[in-house]
2 protein chains.
Amino acid sequence: MQDSAERRPSFGKKFKYHHGALKPALLAAAEEILVTQGLENLSLRALARATGVTQAAPYSHFADKDELLAAVAEAGFQRLALQMADEATGQPDARGRIEKLIAAYIRFAVANDQLFCLMFGRELAEMKNYPTLAMTAGKSYALISAVLARRAGVDAEETRFQTLAIWSLCHGLAQLIMDERVEVGQFGAHDIDGFVRRAVGLFAAQLG
Amino acid sequence: MQDSAERRPSFGKKFKYHHGALKPALLAAAEEILVTQGLENLSLRALARATGVTQAAPYSHFADKDELLAAVAEAGFQRLALQMADEATGQPDARGRIEKLIAAYIRFAVANDQLFCLMFGRELAEMKNYPTLAMTAGKSYALISAVLARRAGVDAEETRFQTLAIWSLCHGLAQLIMDERVEVGQFGAHDIDGFVRRAVGLFAAQLG
DNA sequence: CCCTGCAACTGAACGATGCAAAGATTCGTC
DNA sequence: GACGAATCTTTGCATCGTTCAGTTGCAGGG
């Protein structure tokens, strides 16, 4: 297979030395590799190969592999927050909203396990280096926090505690399911919503 | 610095071609590197360097890097279960035992964050390949599960639910603290025990 | 219209890593 | 003391992240 014919995706008109839209193409290819081959097989070189450019090309758009991963993760956080917000709309009371938010969170983790690994994994532990990432990552937490904070008659300190407790429960379950340390369905309800409803019920007294 | 003098730890009597106790030495060096330089800098080559052997020597004792990491993780799980059991002894009721178990778990995660990352990280996701690892890893869960199961008047299904809920809460909080997505002390009690006591209180009705 | 400057991309290279294969050395055992 | 097995060394390969000196194409000023 000759190089110029094989490695070039043959852009419509004529041979293009410049790719033109490499940055979004890289991000798209990254997500694709993530779901098809897993996070451990997502290398910059494989990414460049999939996009039809040289291995050094990504460095024109990302300073680092970490910066690229951070961008992918940020897109993930965006989608996560969106899905959570979507599911929670239309719920009349705080309890219903919390249930939907958590269920959406866990479903997202299960459905996009590799992406979730990247988002909450160790490779982006230095998230502080990417301020926009940190901001986007906080949205999901803010959704839960906001619901709890908007209640009357519950002081701020109690709200902080509940938010953290619910967030921990939610995040922990997602992790355990992903690591296959636990099987959804081992408890009676046989589904995520059942467990979530029951877990949120623990806070029922305060949720009204 | 000449090689034979520098790279060899100079075992008491005379120069030894065979290290003699490479396997435990590797495991010890691995934990050392883990705490001093982090999981991402724990390479087989660095390990061999630290132990004073050639880069291929570890392969006489471990088939794989994963097998080595699995052994380190297993030791970690052993210590974790031990610490949990230690703290829980002497507690009169189920609630006290659960509180101590969880607090010990979270303290372990905070104190040994890199090791915890390894134990619950993605690199050992294929834990099924290491049956003894899976068994040891289950001990901590079993500790909590046993306390809850030994109560009178609570059916098995409710016990399963509570175990999973508490386990999720516990694991999730540990993860969040480690990832620095949350600061212990943001809630009133200003310490782990305070939060744990309060969180376990959510199950108070059933814990008696 | 050409020229110049700049951003995007190439090609080649460096060092590090996990791992395999083959040879050297020591240990345990008959 | 000899021999086979276990341990360790040497050498080498493929891959990876990253850097760097060039090459290519575009846009704007003369």
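Treat the numbers as computed from the prediction; the structure is a model and nothing was measured.
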request  = Verify the contact: side-chain N or O of B:His61 to OP1 or OP2 of D:dA6, cut-off strictly under 4.0 Å; return yes or no.
outcome  = no
Nearest-neighbour nucleotide for the B:Val53 side chain, C:dG11, D:dT9, D:dT18 considered = D:dT9
Side chain of A:Lys65 (C-beta onward), nearest among C:dG18, D:dG17, C:dT10 = D:dG17
ask   = How long is the gap from OG on A:Ser43 to CZ on A:Arg49, to the nearest 0.5 Å?
value = 5.5 Å
inquiry  = Rounding to an integer number of Å, can you tell me how far B:Glu123 CD sits from C:dT17 P?
reply    = 16 Å
inquiry  = Between P on C:dA20 and CZ on B:Arg45, what's the gap in Å once rounded to a whole number?
reply    = 13 Å
Test item: A:Leu68 and A:Leu27 side chains (from C-beta on) under 4.5 Å apart, heavy atoms = yes
note = Here the distance between atom C1' of C:dG18 and atom CG of B:Leu69, to the nearest Å, is 12 Å
message = Would you say B:Arg49 places a side-chain N or O within less than 4.0 Å of OP1 or OP2 belonging to C:dT17?
response = yes
query = Taking CG from B:Leu22 and C1' from D:dA6, how many angstroms apart are they, rounded to a whole number?
reply = 12 Å
query = Between A:Gln37 (CD) and D:dT15 (P), how many Å, whole number?
reply = 14 Å
message = Output the rounded distance in Å from CG (B:Leu68) to C1' (C:dC19).
response = 14 Å
query = Between the base of D:dG12 and the side chain of B:Gln55, is there a donor-acceptor distance below 3.5 Å?
reply = yes
query = Checking ring-ring contact (aromatic ring centres under 6.0 Å, His included) against B:Phe77, which of B:Tyr141, B:Tyr105, B:Phe120 comes through?
reply = B:Phe120
message = With a 4.0 Å limit, can you tell me whether A:Ser43 has a side-chain N or O closer than that to the phosphate oxygens OP1/OP2 of D:dC16?
response = yes
Validation row: A:Val35, A:Glu31 side chains within 4.5 angstrom (heavy atoms) = no
message = I need the OH-P distance between B:Tyr59 and C:dG18, as an integer number of Å.
response = 7 Å
message = Side chains of B:Leu80 and B:Gln83, heavy atoms from C-beta outward: is any pair under 4.5 Å?
response = no
query = Looking for any heavy atom pair under 4.0 Å, which part of the strands does A:Ser60 touch: base, sugar-phosphate only, or nothing?
reply = base
ask   = Rounded to whole angstrom units, what separation is found between the CG atom of A:Leu47 and the C1' atom of D:dT18?
value = 15 Å
task = When you get a sec, tell me which of D:dT9, C:dC19, C:dG11 is the closest nucleotide to the side chain of B:Ala57?
result = D:dT9
